[in-house]
Every structure is written in C-alpha cells, then in structure tokens.
Amino acid sequence: MKSVKLEEKIVIVLISILLLIVIPLVFSTLFFNKFQIKDFDSVLEIAYQSEITFLGGTVCYGNAFSCFDVEVHSEGEVDSFKIGTYQMKYTYMFDGKILEKMQTVNVVDKTPPVLEIEDREYTYCKNGKVPKYSYKAVDNLDGDITDKVSSSIIDGHIVFSVTDSSGNTTTIEKQAMLKDEEAPTILLKGEEKMFLSLDEAYNEPGVSAYDNCDGEISQKVVVDGKVDEKKPGTYILTYTVMDESGNMAHISRSVVVEDKKIVGRVIYLTFDDGPSAYTTKLLDILKKYNAKATFFVTNQSLSYGYDNVILRAYQEGHTIGLHSYSHNYAIYQSEQAYFDDLYKIQEKVKNITGHTSKIIRFPGGSSNTISRQYDGGSKIMSKLTKLVLEKGFRYYDWNIVSGDAGQTESSSEIISNVTKEFGKFSTPIVLQHDIKSFSVDAVEGILSYGVQNGYRFEAITMNTPLIQHRVNN
Ligand code: ZN
C-alpha cells in the first residue's frame, strides 16, 4: 500500500480547519444577530472645558446586512469643567435583549499655556546664561505661571518653555546673539557720605556688585582711593567692577575726616554768579587783606567782557569754581542738559586760565527744589550729586548765608550776618554774590573783622572738606 505523502496530510488538515472553523465563523459574523458596537472606548479621555456629546459609541442590533436601532440608558455624569475621573454605565436594549457596558472617562487638561514673548533683540551670555527678559505665561487651568518659564540656549536660539501642571508644554524659540553689553550693577553698602572724627578708624562697609551674565561679582570689586584717618579732609573712594565681557561699573563714596576739636580758623568766602562790573573792586579789597576767595563763575550776559577779571582772580591765587554757563534752571531738565552746561563753563574757564577746574557749585545749591519744576519728577539732584562725584568733580554748598540773595541790601547787615557765624563751623563757607555792589561793599568789613579776630581767608581747593546740603530732589 502506498503511503500518504506529508504534503497531502497538510492539505487535508488545512481543508478541515477551513470547513470546521473559518466558514462557521464567517457565517455567524455575517448572519448571526447581536449588538453591534462601534466607536466605544471603555477608557476615554476628554479635554477640560470641552463640549460633551454622547460618549457611549454607536450601537445597533443585527448582522452585517441589517441592523436595528436600540434603546440606550446611561448612568453617571461627566463634568468637563472639572478635572477628574468619572464612571459611566450604558445599557443597550433590543427586543428584550440587554447589553451593559462600563466606561471610565478622564477629564484632562490638554490646552497648553499661552506664552507671550515680545519681539526684540535677544542676546545670551558667554557662560550660556540668558539675561532677564520680560514675558508672560497664562494657563487655562493654572492661571499665571510666568514664574515657571524656563529658558535655554539651543543652537543660537533662546528656547523659552513653560509646562502647566497637567504636563502641557508651550515652547517659543527666538533667534539670539552671543553678546553682553550690559554693565554690572554696583551698590554701596553703608552711607554714600561718611563722617569720621580725626583718628577714628575707617571701616570699609563694602559694596555689592551683580552682573546680568556673571551673577554675584562683589568679590571682583576694586577700590581706588584711601582714607587717611590722621589727616582732616575729604577722601573719595571709587569702586570699580568689570564683568567677564569687559563691561565696567563705578560708584563712589566720600569720607570726611573732621577734626571736631578745632573750630575753623579758616574762612572760605565764595562769590557766585559773576564776574561782573564789581569784581575788580572785590579783587582789590581781597588783595589789600591778603585774603583768598572762591569765585563760582557763569557766562551770564552781565559777565561778558570780564574774562580778564577771571584771569586776574586766578593769577592772584583765588579759586575759579564752576557755577553754570547759562545760569538757567532749565539745565535741570536732564543729566545731559546739566552736563552740557557744566562742560561749557569748564571749557570757558580753561580757555581763560589754562586750568581745568573741577570745583563746582550747583545753581540754587544741591538742596534746591526749583529743579523739580524742570526735571519731570526724575529727582535730578539725587542723580547729579552722585554723578558729579563719579566724574571727579567736587561740589560745595555753604553754611553761612550772607543774606544778599534777597533778604537784605544793606552792607552792614551782610557784615553782621556773616561775621556772627564765624567760630561756629569747622569749615565755614560763606555765600555771597559779586554781581551785587552792596554785597561786594560788605567784604572789607568782613575781612577786617576776621583779620582782627585771628581768622584766615582761603580759597577752596580739592582738599577742602566738602560742605554739602541735604538733597531735596
Ligand atoms: Zn547762582
């Protein structure tokens, strides 16, 4: 008997499978009636705040050729305005037949935060740090999440990214340049102006410095200047710091060392607003008493033609200080306006005397409030009093008022106003105006009283202790 080949056996088995399994399966699928369910998910995710339609899928009862609508009951409720997990139960009914299906519905936040970033030039630091930029991130669920914005440098771009509490992320890329032109911020610890008694030790309060790229750089601050506690005078300390990219910042502090035991035997007469037609006479009187004074000069029209008087005053050992070129309070509109005017009078004085003066008096004094009418609320005097020091100037106010600025026109009253203050200050600085004849006429009386009472009259120098008012603007 011939044996059955292996191939024939396999064919027989396949045919049997076809007859016994596949054909009944196809038949029953096509012709057998049952609940037909489509688009039903037993676990479903829906978006927070979305509109909810029927979640129970598409169901009918029948076979591949005809299918009838069924009755549906659902139990449970989903609130899409509340994040959470909800259970639903659906009951489908047709002609006494029942199908129950359970469903888990997760209401989840799928809306990424809105990240708003302005259009501007973006830069980043050598060390990969991103400077502080302004942006805003608001999420539908979390609210303001600006503090969660992170930034990083990827391939010449700054990538700003924020992720809400549900894990949705918004990313914005901005093209950026490797550049750091921002100077560090340097701040004084302790007072900007310090007073020491003679021989009292100076303890450096220090400064703090911060850079947009390098962070805390207080350790890199270099101090220029030194306080000699054994010698009365005003010492200026200048603190300088440089960031990794070479941007520098400076700040200054003045330290006044005063010998409080000594009442000043030196009187500093100062004359503002000139020169004028009366200045020559004033120089003659000063010469007669071998007295030196300080002239805070202007270029007002009444000073025209008296350049030679400025030169004479300088040559006779008086100090030519800078008051203002225009003496118009509009110079307090801005830092620029102030310094334009100051450099003009400095230049004029240099052209006459050959010397660059750095001794100044603000029009109206550093305590003036008239600058408020011009500076648009910018507190210009607070800025200028610092800036002039940083630029190497020294400004002087006064502590003895002669009264010639409107209070009196009597020379004898001026003499008495001034001389009664002698002996009250360690550094007495008198304010007069050499554009007023009655004030110039008072000078001889002041000098003769002073000389008889053992006072000397000297000109202000860069070493004279700074007498400065409280800044009011
Ligand atoms: Zn003035």
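Numbering of ligands and ligand atoms starts at 1, following listing order.
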Pair listing, salt bridge (charged side-chain N to carboxylate O under 4.0 Å, His left out) test, anchored in residues 383-397, at least two apart: E192-K386

Listed partners of K288 passing salt bridge (Lys or Arg N to Asp or Glu O under 4.0 Å), at least two apart: E444

Atoms (protein N, O or S; no water) under 2.8 Å from the Zn ion (ligand 1): 3

ring-ring contact (aromatic ring centres under 6.0 Å, His included) between F295 and H318, intermediate numbers included: CA-CA 7 Å; F295 294 86; H318 304 292; 5.7 Å; yes

Pairs touching residues 137-158 that satisfy salt bridge (charged side-chain N to carboxylate O under 4.0 Å, His left out), sequence neighbours left out: K136-D144

Distance-only donor-acceptor check, side chains S402 and N417, under 3.5 Å: no

Parallel, tilted or perpendicular, as decided by the 30° and 60° cut-offs, for the rings of W398 and H469: perpendicular

